[in-house]
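The next block holds one structure in the form of structure tokens; read it before the comments.
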Amino acid sequence: MDLQIDGNAALVTASSSGLGKASAKALAREGANVVINGRDEDRLADAKEEIEAEATGEVVAQVGDLTDEDDIETLVETTVDEFGGIDHLVTSAGGPPSGPFLDTDDDDWYHAYDLLVMSVVRLAREAEPHLRESDEGTIVNITSRSVKEAIDSLVLSNSVRMSVIGLEKTLSKEFAPDVRTNAVLPGPHETERIEDLVNQAVDRGDYDSYDEGLDDWASNPLERVGDPMELGNTVAFLSSPLSGYINGESVLIDGGSTGANL
């Protein structure tokens with residue numbers, strides 16, 4: 001399927017690994033020119049090489065911390081300088097620490113809010129004029145299925161990510177009709193993070209093998225975890241004119257595990 005985004009300009013944050021990288025790869029495969037981002041220069045360089053191997057568009061790597069307002073301004077400026085504008089913004093960020101409510105202190109709350117919410121606020125604010133100038137401006141926020149159904153011992157994700165959904169819904173009205181804004185809510189996918197967690201559990205003796213440990217994450221009707229590219233392809237579709245009447249939606253990508261009706 002031709003998503004009709006060849007030559008478009010995209011900025012994808014936290015894209016040196018995981019779901020952000022998969023989203024950047026999906027966009028680049030479709031011919032979009034993509035700026036990728038991460039804090040670790042070596043990991044970012046590796047991601048750039050991996051994405052370029054499959055890309056038909058250009059890939060530019062920009063190191064930056066999403067909790068740093070100056071770095072966010074630089075990300076937007078780099079995308080505009082390199083590609084002449086921004087057509088698609090994809091926001092992603094690493095997950096906050098796990099833990100129950102009483103083990104979570106004020107610093108944890110403030111850091112989670114800065115990382116997960118203020119990064120999206122600042123990115124949307126900086127990118128807005130460029131997205132409006134695009135013929136098909138889009139924002140896709142990668143959040144978590146925890147906004148639909150709280151997950152045990154993830155009080156920060158359960159609570160703070162809800163703000164991103166409120167912002168997404170607001171922007172879907174305030175930025176329209178020039179810009180469409182949507183969110184994706186992933187469940188477990190076989191990212192580097194889950195691979196590390198499973199391997200650590202195998203080393204502890206919790207499981208006899210990696211496959212056995214991975215199966216424990218697959219508590220959904222499809223009986224498997226997701227391939228990151230399945231989410232990445234959805235992000236690319238939501239960024240394309242083929243999804244042109246989808247706006248203000250939060251799309252679950254979790255194999256059907258979430259029990260919420262809406």
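Note that this is a predicted model, so its numbers are computed, not measured.
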**Message:** How long is the straight-line distance from CG of Asn33 back to CG of Leu27, given to the nearest 0.5 Å?
**Reply:** 10.5 Å
**Request:** For Ser240 and Arg180, work out which heavy atoms get closest and say how close.
**Result:** O-NH2, 2.9 Å
**Prompt:** So does Asp208 have more than 12 non-hydrogen atoms from other groups sitting under 6.0 Å from CG?
**Reply:** no
**Asked** Hey, is the main chain of Leu66 close enough, under 3.5 Å, to the side chain of Asp71 for a donor-acceptor pair?
**Response** no
**Request:** Give the intermediate values and the outcome of salt bridge (charged side-chain N to carboxylate O under 4.0 Å, His left out) for residues Lys173 and Glu168.
**Result:** CA-CA 9 Å; Lys173 297 176 182 295; Glu168 172 251 332; over 6 Å; no
**Asked** Cut-off 3.5 Å, side chains only: do Thr91 and Asn141 have a donor facing an acceptor?
**Response** yes
**Prompt:** Is the number of heavy atoms from other residues, nucleotides or ligands under 6.0 Å of Asp203 CG greater than 12?
**Reply:** yes
**Complete:** Of Arg132, Arg125, His130, the one forming a side chain to side chain donor-acceptor pair (under 3.5 Å) with Glu128 is Arg132
**Asked** Is the closest side-chain donor-acceptor distance between Asn199 and Tyr210 under 3.5 Å?
**Response** no
**Item:** Residues Arg122 and Glu73 bridged, charged N to O under 4.0 Å
**Value:** no
**Message:** Hydrogens and angles aside, do Asn220 and Ser257 bring a side-chain donor and acceptor to less than 3.5 Å of each other?
**Reply:** no
**Asked** Quick one: do Lys21 and Glu192 make a salt bridge, cutoff under 4.0 Å?
**Response** yes
**Message:** Tell me whether the count of non-hydrogen atoms from other residues, nucleotides or ligands lying under 6.0 Å of CE in Met162 goes above 12.
**Reply:** no
**Message:** Looking at every heavy atom in both Leu185 and Ser144, which two are closest together, and how far apart are they?
**Reply:** CB-O, 3.6 Å
